[in-house]
Amino acid sequence: MYYTNDTTLFLNGKFVKAADAKTDLFSQTLHYGYGVFEGIRAYQTVNGVKVFKSHEHYERLLRSASLMGIPLHYTAEELTQATYEVLARNNQSNAYIRPLVFCSPNMSLTSPNEVSLMIATWEWGKYLGDQLLNVCISSFQRPNPKSFKIEAKACGHYVNSILATTEAKQRGFDEGLLLDIEGFVAEGPGANFFYEKDGVLYTPPKGNILPGITRQTVLEICAELDLKVVEKLFKPEELFEADSAFFCGTAAEVIGIDSIERQKFNKPWKESIGATIQEAYRCLVLDKSYSYVIV
Ligand code: PMP
């Protein structure tokens, strides 16, 4: 359950009970997937409840809406304030936050004049769990960036993600890794991907991926810790020569990968660069120094 009778959410400028909140069955978002959303986390830090990179997430929401031609009249600051208020009203500190922009009733294929915005929060464990993952190469490609605004976090893009994760689970894997339309590795259904080879991290460049805020955080951690990271296109075959790999995303945080298509990485996760990043990320979201993290 994502809410109880007591849960409050933010809907169009008001704080209302989730159980009483309603939407219209003729919403364009429900029929066509034409909406945008975010996934954010709040943490109980040493300095109180902190929404991690709230500004960056809400700026991405505004950009997603603008890329999609969905009018949205809030500032990132207003949305951040509303988020802290929802968390306080729900008495939540470690929570997942889901802002969703959805469109009014409109059965035609034109962009709307009016939209709704809700911000819901709930307690949610790490999205991909905390065990190392067995990953397959998905038979689904990420959407063609010439068909979609791939940099937008748009509802409809997640049909592709659901297909990929469902296929992975049906094949007995924990998660899938999707390629782009040229056959280069792109990302997971809900997380970005890094691999390690000879002490260097590699990750796909922007263009065919959702530019993750966690991915950006990993790049910042690498700069801080003097770890070499290269953004480049690579084929899945390169992964079979890699030393280790991980997914990263707001919901999943940083999670190590044990094997790809049943081929295990030879470096123990605990000794990998990913494990160092995982520890540093944990410190960062909790507002703690990670300077002690040994590289
Ligand atoms: N790629 C996809 C397809 C995603 O859904 C997500 C999760 N939002 C990510 C990457 C990671 O993005 P972020 O770090 O901003 O959560």
Side-chain angles (χ1 to χ4, degrees), residues 2-3 7-42 51 53-90 95-122 142-163 189-190 206-213 249-251:
Y2 296 99
Y3 60 92
T7 308
T8 293
L9 54 74
F10 178 85
L11 180 61
N12 295 332
K14 297 199 177 79
F15 296 93
V16 298
K17 291 287 173 216
D20 299 335
K22 294 197 170 46
T23 184
D24 196 303
L25 289 179
F26 291 81
S27 159
Q28 219 181 7
T29 309
L30 194 57
H31 289 251
Y32 306 131
Y34 184 62
V36 292
F37 69 102
E38 264 306 318
I40 316 176
R41 270 192 193 274
V51 178
K53 294 206 168 177
S54 185
H55 184 80
E56 287 84 341
H57 280 282
Y58 282 121
E59 282 297 332
R60 186 172 66 185
L61 184 73
L62 298 176
R63 183 168 152 72
S64 295
S66 148
L67 282 168
M68 302 296 287
I70 295 176
L72 186 57
H73 306 296
Y74 290 91
T75 64
E77 283 63 39
E78 287 165 344
L79 296 171
T80 296
Q81 266 184 22
T83 303
Y84 275 104
E85 182 66 28
V86 176
L87 289 168
R89 288 184 187 227
N90 290 329
Y96 183 77
I97 300 152
R98 169 54 54 80
L100 170 68
V101 178
F102 55 103
C103 300
S104 340
N106 177 11
M107 292 298 98
S108 66
L109 302 176
T110 52
S111 64
N113 298 320
E114 253 185 71
V115 301
S116 291
L117 178 136
M118 75 141 189
I119 303 173
T121 62
W122 65 88
R142 284 301 283 160
N144 183 341
K146 291 198 173 141
S147 307
F148 290 93
K149 303 282 187 181
I150 201 69
E151 288 201 5
K153 196 165 167 62
C155 299
H157 296 177
Y158 285 80
V159 175
N160 172 254
S161 299
I162 291 172
L163 289 171
K206 291 181 190 176
N208 290 312
I209 58 168
L210 182 81
I213 287 162
T250 301

Could you go through Asn106 and Ser104, starting from their C-alpha distance and side-chain angles, then the distance that decides it, and tell me whether this counts as side chain to side chain donor-acceptor pair (under 3.5 Å)?
CA-CA 6 Å; Asn106 177 11; Ser104 340; over 6 Å; no

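- Rounded to the nearest 0.5 Å, atoms CG (Leu11) and CG (Asp20) are 11.0 Å apart.
- Salt-bridge formation is detected for the pair Glu85/Arg89: a Lys NZ or Arg NE/NH1/NH2 atom is positioned less than 4.0 Å from an Asp or Glu carboxylate oxygen.
- Side-chain contact check for Cys103 versus Ile70: some heavy-atom pair is nearer than 4.5 Å.
- In terms of heavy-atom proximity, Ala251 sits nearest to Tyr96 at CB-CE1, 3.9 Å.
- Put simply, the side chain of Asn90 gets close to the backbone of Thr8: a donor and an acceptor are under 3.5 Å apart.
- Inter-residue side-chain proximity for Leu9 and Val16 is flagged as met; some heavy-atom pair is nearer than 4.5 Å.
- For the pair Leu72/Leu62, a side-chain contact is recorded, criterion being any heavy-atom separation below 4.5 Å from C-beta on.
- The nearest pair of heavy atoms linking Gly69 to Pro71 is O-CD, 3.7 Å.
- Side-chain contact between Val51 and Tyr84 is present, with heavy atoms from C-beta onward closer than 4.5 Å.
- Closest approach of Ser161 to Pro189, counting heavy atoms only: OG-O, 2.7 Å.
- In this structure the side chain of Ile150 never reaches within 4.5 angstrom of the side chain of Asn208, judged on heavy atoms.
- Among residue pairs with one or both ends in residues 7-19, none qualify as salt bridge (Lys or Arg N to Asp or Glu O under 4.0 Å); sequence neighbours excluded.
- Applying the side chain to side chain donor-acceptor pair (under 3.5 Å) test to pairs two or more places apart or on separate chains, those with a residue in residues 26-42 are Glu38-His57, Glu38-Arg60.
- For the pair Cys155 and Val36, the tightest heavy-atom approach, listed with the atom from each and the gap, is SG-N, 3.8 Å.
- The shortest side-chain heavy-atom distance between Tyr2 and Arg98 does not fall under the 4.5 Å cut-off.
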Can you list the steps and then say if Thr83 with Tyr58 is a side chain to side chain donor-acceptor pair (under 3.5 Å)?
CA-CA 10 Å; Thr83 303; Tyr58 282 121; 2.6 Å; yes

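- For the pair Lys153 and Leu210, the minimum side-chain heavy-atom distance is below 4.5 Å.
- Under a 3.5 Å cut-off, the side chain of Glu78 and the backbone N or O of Thr75 do form a donor-acceptor pair.
- Taking the side chain as every heavy atom from C-beta outward, Leu117 and Tyr74 approach each other to under 4.5 Å.
- A distance of 8.5 Å separates CD1 of Ile119 from OG1 of Thr80, quoted to the nearest 0.5 Å.
- Taking CG of Leu61 as the reference point, atom CD1 of Ile40 lies at 7.5 Å (rounded to 0.5 Å).
- For the atom pair Lys149 NZ and Arg63 CZ, the distance stands at 9.5 Å (nearest 0.5 Å).
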Under the side-chain contact (heavy atoms from CB on, under 4.5 Å) rule, what do Phe102 and Thr23 come out as? Steps first, then yes or no, please.
CA-CA 9 Å; Phe102 55 103; Thr23 184; 3.3 Å; yes

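- Rounded to the nearest 0.5 Å, atoms NE2 (His55) and CG (Leu79) are 11.0 Å apart.
- Under the salt bridge (charged side-chain N to carboxylate O under 4.0 Å, His left out) criterion, Glu77 pairs with no residue at all, not counting sequence neighbours.
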